[in-house]
Number of protein chains: 2
Amino acid sequence: MNTNVSPYEHPEVTVDLVIFTVNEQKLKALLVKRGEQPFAGIWSIPGGFLQTGESLEDAAIRVMQEKTGVKEIYLEQLYTFGKPDRDPRRRVITVTYFALIPWKNLIQPESKKVTDLAWLTVDELPELAFDHREILNYATNRLRTKASYSNIVYGLLPAHFRLSDLQKIYEIIIGRELDKRNFRKRMLATGLLEETGQKEIVGAHRPAMLYQFKKREFVLLD
Amino acid sequence: MNTNVSPYEHPEVTVDLVIFTVNEQKLKALLVKRGEQPFAGIWSIPGGFLQTGESLEDAAIRVMQEKTGVKEIYLEQLYTFGKPDRDPRRRVITVTYFALIPWKNLIQPESKKVTDLAWLTVDELPELAFDHREILNYATNRLRTKASYSNIVYGLLPAHFRLSDLQKIYEIIIGRELDKRNFRKRMLATGLLEETGQKEIVGAHRPAMLYQFKKREFVLLD
DNA sequence: CCAAAAGTGTTATTGATACACCCATGC
DNA sequence: GCATGGGTGTATCAATAACACTTTTGG
């Protein structure tokens, strides 16, 4: 079979990522300011072309590491977008992933003076390139939905954390306040958490016990 | 930009479908017996190449119609599989969809004597070509999970049905028997169903009220 | 001693489960 | 009149939601 005369298209395949973190009480996503046309100067989600011999997930991990320096993170495939006109130049299919990073695991992301890479608050976004707004909305919905029936938020927390940190993350993602006593009861009842024995020492108040997830992996609740 | 010298691959992109129905008290999937190498004579899920200018979903609908004659069905994107060696010949990315069809909507699928197209029981499958077993397992899990928190089973039922039909579909998908009274209570409490006013007349027993979904569209429960 | 976050139980309400008999029909 | 599936209610148990005060620390 000669693939050069096949009656169908060989589109370009990219892998694009919606990378979330939580910082300053907000859900944020990593965005890249485009340098080239089309959409020069417009923010876009990070991505790259699939390389020869590379699996989709490997490509996602590669892009992740290029942009954040981090590779051990929560990563899951999101959706594949392929409308014929989603890139004005040519046919591009994009397989999208969504990723979660604890803010503390980032290596001082503000220190290097990059102006083309930024963590923007998800509900205050400017115009995005291509169909990236649709992709980002899709990812945000997925995150909010999964937070309600899984332990997915572990991906946004450092190894050790206070229960109040955990509660705050949930509140930011689902967008409403939770009752402290009920929250703690429910979380401890899942059996997914354990005390570290250490206590958080800063602040003019009673120190908090630090907890960790017994396993840092995705689990459905109930 | 000359795409002929680009440093990345232009893989082939296919759309493959896992099409489910329920018949004879079993969950079944539509499979195609391959005529060509590789995997000649082995069952595979139906699919086809993405055509120029065609969206992914349009391609899925096209394949659907080619194989079943039906186009108005439940259809959702499942996952995109792209391991470099998933096709022994060349790089093929497949965007998979899963579809549901009510058995009654099929136009006598047994009448035309096709031997290369068959509805096979999902938990008694032979060897499948490529990574199609993995794809089918993924689809089956998705269906089972979604059945528990949505009205997705409407895709497997004809326009009018008895509550016992609905219950049977649930039991087949989730794999255990349900209490009749509790099931009816819960289903009617969702507010998604309405009586048609008609009754089912066949059988040496009391006729059953026929129901329909108020809207034949995906809704989350609770 | 004051401010600030940590930590802790009980009650009320709601939803889920378990369970058995009568009804309408065809033969 | 008997076999077959259709149709109905109540009581128990489990999960969720509402709600306020004491503890420990730093300054």
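Computed from heavy atoms alone, side chains included, the values below leave out hydrogens, waters and symmetry copies. So you know, we letter chains A, B, ... as the sequences are listed, proteins then strands, and number each from 1. Keep in mind that what you see is a predicted model, and the values were worked out from it rather than measured.
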Candidates C/dT17, C/dA6, C/dA24 - which lies nearest the side chain of A/R162: C/dA6
Aromatic ring proximity A/F130/A/F39, centre distance under 6.0 Å: yes
Ring-face cation contact, B/Y154 with B/K215, 6.0 Å cut, 45° max: no
Whole angstrom value for the distance that separates C1' of C/dA6 from CD of A/Q167: 12 Å
Distance in angstrom units between B/M209 CE and C/dT25 P, rounded: 12 Å
Distance in angstrom units between A/L221 CG and D/dT16 C1', rounded: 15 Å
Parallel, tilted or perpendicular, as decided by the 30° and 60° cut-offs, for the rings of A/F183 and A/Y170: perpendicular
Length of the line joining A/F183:CZ and C/dA6:P, which is rounded to integer Å: 12 Å
Among C/dG9, C/dA5, C/dT17, the one nearest A/R206 by side-chain distance: C/dA5
Rounded distance in Å - CD (B/E200) to P (D/dG6): 7 Å
Closest-nucleotide ordering on DNA chain D, the 5'-leading residue of A/R176 and B/H205: B/H205
Of A/D179 and A/G203, the one whose closest DNA chain D nucleotide lies more 5': A/D179
Rounded distance (Å) that lies between atom P of C/dG9 and atom CZ of A/R184: 12 Å
Spacing of NZ belonging to A/K33 relative to CD1 belonging to A/I42, to within rounding of 0.5 Å: 9.0 Å
Distance flag, aromatic centroids of A/Y79 and A/Y97, threshold under 6.0 Å: no
Length of the line joining A/K168:NZ and C/dA6:C1', which is rounded to integer Å: 14 Å
Candidates C/dA6, D/dG26, D/dG6 - which lies nearest the side chain of A/A204: D/dG26
Donor-acceptor pair (no angle test) under 3.5 Å: B/K180 side chain, C/dT17 base: no
Polar pair under 3.5 Å, donor/acceptor by atom type, side chain A/R181, base D/dA20: yes
Presence of B/S164 side-chain N/O under 4.0 Å of D/dG6 phosphate oxygens OP1/OP2: yes
Quiz item: B/K185 side-chain donor-acceptor pair to D/dT10 base, under 3.5 Å: yes
Protein-nucleotide distance (A/R186, atom CZ; D/dA15, atom C1'), rounded to Å: 11 Å
